[in-house]
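Each remark here refers to the structure printed beneath this line.
Model, not experiment: these values are computed from the prediction. So that the names make sense, note that chain A is the first sequence line, chain B the second, and so on, each numbered from 1.
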Protein chains: 2
Amino acid sequence: MARAAGVSATTVSHVLNDVSYARVSPETREKVKTAAAELGYGPNRLAQALRSRRSGVLGLVSEDVATTPHAGRMILGADQAARARGYTLMLSNTAGSAGTDLREADVESLLERQVDGILYATMYHRCLQPPANLGKVPAVLVDAVTADGGFPAVVPNEYGGAAAAVEALHAAGHTRIGFLNNTEDVPSTHQRLKGFRETLDRAGLDGAGAPVVTASSDADGGYAAAGRILDGGNPPSGLFCYNDRMAMGAYRAAAERGLAIPADLSIVGFDDQELIAANLHPGLTTVALPHYAMGAWAADRLIDMIEAGTAGAEPEPVLLACPLVSRGSVAAPADRVRAQG
Amino acid sequence: MARAAGVSATTVSHVLNDVSYARVSPETREKVKTAAAELGYGPNRLAQALRSRRSGVLGLVSEDVATTPHAGRMILGADQAARARGYTLMLSNTAGSAGTDLREADVESLLERQVDGILYATMYHRCLQPPANLGKVPAVLVDAVTADGGFPAVVPNEYGGAAAAVEALHAAGHTRIGFLNNTEDVPSTHQRLKGFRETLDRAGLDGAGAPVVTASSDADGGYAAAGRILDGGNPPSGLFCYNDRMAMGAYRAAAERGLAIPADLSIVGFDDQELIAANLHPGLTTVALPHYAMGAWAADRLIDMIEAGTAGAEPEPVLLACPLVSRGSVAAPADRVRAQG
DNA sequence: CTGAAAGCGCTAACAC
DNA sequence: GTGTTAGCGCTTTCAG
């Protein structure tokens, strides 16, 4: 290209990269730019990377890209943030079930490609043991934490999300609120429960005494759990569900009992899986998981680390807000209030 | 590294790459390998790429990675296929709404990074106008076709999927089958309708006379459409729905009319969105979109082109099968048959 | 103001 | 059998 523009490679480099200390005449600048435009010339980022020891590539290793619809949002957030700062994402899917050695190999392959940093993402909030070689470049954990810190990490504020759900029900006038929780031993199970109880306490309701039923985190589990809670003594008028799938089961349980939503029973879900939440009738009011924001935050943080050259491990995982998404499944507990009033 | 093993770089290259024509003594081989292992040495793929003019990277530009839960499956398929042949995926999200010039810039950025080929994916089956610079490297279209051919492309066999759905209903004994179709002017709308009618004809039923109602492709649309078809004269005992969201609406319409699924009404969806299909009650029998397979096929085909050095445009888009996924929403039309028998 | 030289890490061709 | 040389496309001194 340089040769074709009748000028040296150095000059081309200077012009096209807007090198600050370069003094190039306006005419030469023009000549280079038009030549570049005509030839459709683009720099070879590989050669640049080799020379500068900066690839401008972020490795994204994600466990089971496919298993959750949220994956896309996270990738998108990371991609946008990366792109905004001139970086590109390189993908590497890892099987969640794979052994540490295999996942280490995945990281290694990214390392060989000279990625400047690595985003290590899981598809649901969990605590993991990262591969040993992850520390070789700056790295950030997405939707995951390690037992011993060591990496900056970003996870959803599960506690706050549960609080938002309970507050929405309380604000609508509900005083008897139940929780359909998951049975798995994952952070979200515990933190959403904690958020549920403590928010009730703060509202002057009895958190410890509020009905909580656990089941598998799908529609069938939600159906069964809702059945148990609705058929028990003094059933709640508002139901907070561990996730949207359980809420979907709760809808069915309510329908079978002749309870209209939201007139007779208000429901709040969690996850904001649009496919479910927007297609239920009425639309499900739910708490959104901040996948886009987590992806974007992580990429930004990673690039900061890369450009600062610091390993700077965050002492605590960063919590991102889980905002309430209102649709139509929450209303005042009208009948009950009138009946009791 | 070479220097550290007391041997030349050439020799290191020869043993680590198993170069066929290299004659290296077994002792030297050992020496190199142990040195590499101890240093945790991995080759610099960037330098290799610069030298060999082969990056081993596939660009994946996808319109709106995030908007559909299927995105992950497609990416996963492409990633697995690519990885199996030593390639890695580099991501570039493009806004579906963006102009051609913007999408051209996205492709350009991948080109600058010297990708060996490009996978251009849309998130639902459509006909598109690819950016002009896409032709600069081998490229394959995923879930999309161009008006004028030019690129190999892979799309779902919508017609075959619709046929499978109708056949499942017919095999269960249904002779009066209706179709809830989408209103949008996209290939799937037309091809599923064609598959619906022609399969009925082949079964000796009246394809042209079969009831078809169109509505928006979500639960509300499905609810409305199902209502119209069920309240009409001589309502069908089997319903084929354009997608799972519409089927979800049809479930509600059936419930409101006291029709049990599948006893009183059999339903088949399309898309196999597990979030919906597996969580409805009963589980929705539906037709799966082959996103994983499309991703894998496309990556494989692309690598073939790259390694063969041919542009070899496929004359026709490749159709991948949409298999039926049986859950619990199809049964024999028992009541009706008895009533009429 | 502009260009020549050196070198990022690697490999192909060719010596020795 | 093994090492030397050259060069992939770029950027960074440093000369002119």
Side-chain angles (χ1 to χ4, degrees), chain A residues 1-36 39-57 86 88 108-116 136-137 306-307, chain B residues 1-36 39-57 86 88 108-116 136-137 306 309:
Chain A
M1 144 75 194
R3 334 2 191 175
V7 84
S8 84
T10 307
T11 308
V12 174
S13 176
H14 283 170
V15 172
L16 263 33
N17 295 326
D18 281 319
V19 175
S20 59
Y21 55 81
R23 273 164 303 284
V24 182
S25 76
E27 305 88 60
T28 315
R29 285 202 126 80
E30 258 332 288
K31 201 164 44 170
V32 171
K33 286 187 176 172
T34 55
L39 301 209
Y41 171 83
N44 182 332
R45 305 277 255 120
L46 246 46
Q48 288 184 330
L50 185 60
R51 179 69 235 247
S52 63
R53 309 171 139 292
R54 274 285 162 83
S55 64
V57 176
T88 304
E108 193 60 35
S109 112
L110 251 14
L111 257 23
E112 287 180 0
R113 291 197 183 274
Q114 312 301 119
V115 295
D116 291 337
K136 288 194 180 174
V137 287
I306 290 167
E307 298 187 345
Chain B
M1 143 75 195
R3 333 5 191 177
V7 85
S8 85
T10 306
T11 309
V12 174
S13 175
H14 283 169
V15 341
L16 260 33
N17 294 325
D18 281 321
V19 175
S20 59
Y21 56 80
R23 273 164 305 283
V24 182
S25 76
E27 303 88 64
T28 315
R29 288 202 123 81
E30 257 334 286
K31 200 165 45 172
V32 171
K33 286 188 176 170
T34 56
L39 301 210
Y41 170 83
N44 182 331
R45 305 276 256 120
L46 245 47
Q48 288 184 330
L50 185 60
R51 178 68 234 240
S52 63
R53 313 171 134 293
R54 273 286 161 83
S55 63
V57 176
T88 305
E108 193 59 34
S109 114
L110 251 14
L111 257 21
E112 287 180 0
R113 290 194 184 277
Q114 312 301 120
V115 296
D116 290 337
K136 287 193 180 173
V137 287
I306 291 167

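- For the pair B:K31 NZ and D:dG3 P, the interatomic distance rounds to 8 Å; values are reported in whole Å.
- In terms of phosphate contacts, B:T28 brings no side-chain nitrogen or oxygen within less than 4.0 Å of OP1 or OP2 of D:dG1.
- The CG atom of A:N44 sits 14 Å away from the C1' atom of D:dG7 (whole-angstrom rounding).
- Note on B:N17: a side-chain N or O is less than 4.0 Å away from OP1 or OP2 of C:dT11.
- Tested against A:V24, the residues A:T10, A:V7, A:V15 include a single side chain to side chain contact (heavy atoms under 4.5 Å, CB included) partner, A:V15.
- In terms of phosphate contacts, A:Q48 brings no side-chain nitrogen or oxygen within less than 4.0 Å of OP1 or OP2 of D:dG9.
- At C:dA12, one or more side-chain N or O atoms of B:Y21 fall inside 4.0 Å of OP1 or OP2 (strictly under the cut-off).
- In terms of polar N and O atoms assigned as donor or acceptor, the side chain of B:T10 comes within less than 3.5 Å of the base of D:dT4 in a complementary pairing.
- Atom CZ in A:R51 sits about 16 Å away from atom P in C:dA5, given to the nearest Å.
- Between the CD atom of A:E27 and the C1' atom of C:dC1 there is a distance of 10 Å, rounded to whole Å.
- For B:R53 and B:P26, each mapped to the nucleotide of DNA chain D holding its nearest heavy atom, the one lying further toward the 5' end belongs to B:P26.
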* Any chance you could lay out the side chain to side chain donor-acceptor pair (under 3.5 Å) test for B:T11 and B:S8, step after step, and finish with the verdict? => CA-CA 5 Å; B:T11 309; B:S8 85; 3.1 Å; yes
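- Checking side-chain atoms of B:D116 against main-chain N and O of B:G56 turns up a donor-acceptor pair under 3.5 Å.
- Which of C:dC10, D:dC10, C:dG3 sits closest to the side chain of A:P43 comes down to D:dC10.
- With hydrogens and angles ignored, no donor-acceptor pair under 3.5 angstrom links the side chain of B:S8 to the base of D:dT4.
- When rounded to the nearest whole Å, the span between CD of B:E30 and P of D:dT2 equals 13 Å.
- Between the side chain of B:R113 and the backbone N or O of A:N44 there is no donor-acceptor pair closer than 3.5 Å.
- Among D:dG9, D:dT2, C:dT2, the nucleotide with an atom closest to any side-chain atom of A:T11 is C:dT2.
- Listed here is the closest heavy atom pair of A:L50 and B:A47: CD1-CB, 3.8 Å.
- Remark: B:S13 is not in phosphate contact with C:dA12, judged by side-chain N or O atoms under 4.0 Å from OP1 or OP2.
- Look at A:S25 and you'll find a side-chain N or O under 4.0 angstrom from OP1 or OP2 of C:dT2.
- To the nearest angstrom, P of D:dC8 lies 22 Å from CZ of B:R113.
- Between B:Q114 atom CD and D:dC10 atom C1' there is a gap of 11 Å when expressed in whole angstrom units.
- Nearest-nucleotide assignment on DNA chain C puts the 5′-proximal partner with B:A47, out of B:A47 and B:H14.
- Atom-to-atom, CZ of B:R29 to C1' of D:dT2 comes out at 12 Å; the value is rounded to the nearest Å.
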